[in-house]
Every structure is written in structure tokens, then in C-alpha cells.
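Only this structure's heavy atoms are used, side chains among them; waters, hydrogens and symmetry mates stay out. Every chain is numbered from 1 and lettered A, B, ... according to where its sequence line falls, protein lines coming before strand lines. Everything numeric in this text was worked out from a predicted model, so none of it was measured.
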Amino acid sequence: MSEALSREFFDRPVLRVAPDLLGRLLVRRYRGRRLAGRIVEVEAYGGLQDAASHARCGPTPRNRVMFGPPGRSYVYQIYGLHCCLNLVCEPQGQAAAVLIRALEPVEGEDVMAALRPGRSRREWTSGPGRLCRALALDRRHDGLELPSPGLWLETGEPLPRKRQARSPRIGVAYAGEAARWLHRFYERGNPFVSRP
DNA sequence: GTCAAGATTAGT
DNA sequence: CTAATCTTGACG
């Protein structure tokens with residue numbers, strides 16, 4: 001097992017952390033099993049300046065972990081149905097987080113399949129809501145300090161710049177100018193990326 | 001207290 | 001394209 005990423009890794013500008021997460025391993029301990037996926041797609045979110053961010057209007061009960069210390073998980077529910085996983089960045093007081101949008105399954109695929117009945121391998125971890133379902137993550141995992149016993153990141157093999165691509169973020173058309181920022185990062189050509 | 005909208009997904 | 005499903009947070 002490679003080294004675990006912790007607070008200092010995330011204590012940097014979110015636009016540096018986000019692309020640096022590509023190729024890393026997200027690992028989950030679930031019922032004695034190790035579930036792991038290679039991160040292939042992420043999005044960076046900021047604070048008051050970012051009209052697409054949950055933190056755009058300042059701290060609230062839901063987003064407060066985004067304003068806290070780096071290296072924690074921020075998990076929220078969306079559309080009353082799905083949960084999404086973020087990793088908090090930047091020093092305490094500055095709201096910033098990286099949304100994990102897609103993984104390439106690496107370990108524990110049988111468990112992921114059981115958690116995603118009726119779906120194909122590609123659909124287990126492609127999309128922010130799907131990956132949480134495949135790793136059995138929900139709002140109980142909000143605010144965890146990473147590494148935590150049930151969830152952590154491992155160094156893995158960082159993705160070379162040449163294989164990285166950028167685009168505007170998905171699903172934030174309401175955010176005006178911020179909707180056009182190139183804050184989405186993904187591995188070029190990887191079939192587990194949720195959208196080309 | 002009210003209510004519109006959502007960092008999505010699955011199904012027609 | 002649209003329904004599902006319910007929490008959040010802005011507003012008054």
C-alpha cells in the first residue's frame with residue numbers, strides 16, 4: 001500500500017490540489033473489505049467568489065466543513081436522492097473543496113457490483129452520485145478527518161500533465177460567469193469519465 | 001413559516 | 001426529455 005495523503009496535501013490552493021488528485025487512489029474500508037478506485041475526474045469549488053459553489057453565500061449548516069481545516073470530507077445530498085463526496089482544501093477559514101466525479105474501479109469490484117445491482121461495471125463509479133453509492137458513502141461520512149479508518153486517499157500514481165484535460169464544470173449553468181471557468185479536470189480518454 | 005431549486009440519475 | 005425525491009437556505 002502506498003502512503004496516505006493527509007492534511008498538508010490539501011492545504012494548498014484548490015486549483016493545484018484538484019488536478020493533483022487525478023490518478024490517486026480513493027480507498028474505503030467497508031465490512032472488512034477494501035474498496036478502491038483510481039480518481040479520473042474532479043471539479044474544484046471555491047468560496048464567496050465562486051457563484052457555482054455551495055459556499056458562495058458564506059457558511060451554513062450544510063457547507064460549514066468547507067470553511068474548516070483542509071483534509072476533511074464534505075458529503076452532501078442532492079435532489080433528495082444522491083450523495084456527493086468532496087475533499088476540503090486550503091487553510092481554515094477559506095472555503096474550498098474538490099468534488100470527486102468519477103473513479104476507475106481497482107479493488108473490491110464484487111462489493112461495488114452488489115451495491116449497484118443491475119448496473120454495468122462502467123456505471124458503478126462514473127458520476128459523483130454513483131461513486132458514493134458504489135462505495136456505500138452517505139452523509140454520515142461528512143466531516144471526517146482523512147485519513148480516517150473507513151476512508152482515505154493513497155498516493156497512487158499521479159497523472160502526468162500530458163494526460164490531463166480541463167473543461168467547464170458540469171451542471172452549474174445557473175452560475176453565470178463562473179459556469180465557464182475551467183475547473184473540471186479529468187483523464188483524457190478514460191472510459192470511466194462521466195462525460196467527454 | 002414558506003417554497004423554489006438543486007455540484008444527479010434512470011427511464012421513456 | 002422528464003420524473004423522482006427531500007433537504008437546504010433565501011426571504012419575509
Pairing of DNA chain C as dot-bracket, 5' to 3': ( ) intra-strand, [ ] crossing, | other strand, . unpaired, with Watson-Crick or G-U pairs under 3.5 Å?
||||.||||||.
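Looking at R72(A), its side chain never comes within 3.5 Å of a backbone N or O of V88(A) through a donor-acceptor pair.
Geometrically, R166(A) does not engage Y186(A) in a cation-pi contact defined by less than 6.0 Å to the ring centre and at most 45° from the axis.
At a threshold of 4.0 Å, the pair R12(A)-E90(A) does not count as salt-bridged, since none of the basic side-chain nitrogens sits closer than that to a carboxylate oxygen. Electrostatic pairing of R16(A) and D11(A) does not count as a salt bridge here, judged by no charged N lying under 4.0 Å from a carboxylate O. Classification of R133(A) and D138(A) as a salt-bridged pair fails, no side-chain N sitting under 4.0 Å from a carboxylate O. Here R33(A) pairs with D110(A) in a salt bridge; the nearest charged N to carboxylate O distance falls below 4.0 Å. R34(A) has a carboxylate O that lies under 4.0 Å from a charged side-chain N of E154(A), or vice versa, which qualifies the two as a salt bridge.
Among the protein residues, R119(A) comes within range of the sugar-phosphate backbone only, with heavy atoms under 4.0 Å from sugar or phosphate atoms but none that close to a base. Contacts of R195(A) with the nucleic acid, taken as non-hydrogen atoms under 4.0 Å apart, are absent.
Evaluated for a salt bridge (charged side-chain N to carboxylate O under 4.0 Å, His left out) with R38(A), the options E187(A), E107(A), E157(A) yield exactly one hit, E187(A).
On the nucleic acid side, DNA chain B contacts chain A at distances under 4.0 Å to non-hydrogen atoms, with the end points of that region at dG6(B) to dG11(B).
How far CG of L131(A) is from CG of L35(A): 11.5 Å, rounded to the nearest 0.5 Å.
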What string of B, S and - do you get for nucleotides 2-12 of chain C 5' to 3' if you count protein non-hydrogen atoms under 4.0 Å?
--BBBSSSS--
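The separation of dT5(C) from dT2(B), taken at their P atoms, amounts to 24 Å, rounded to a whole angstrom.
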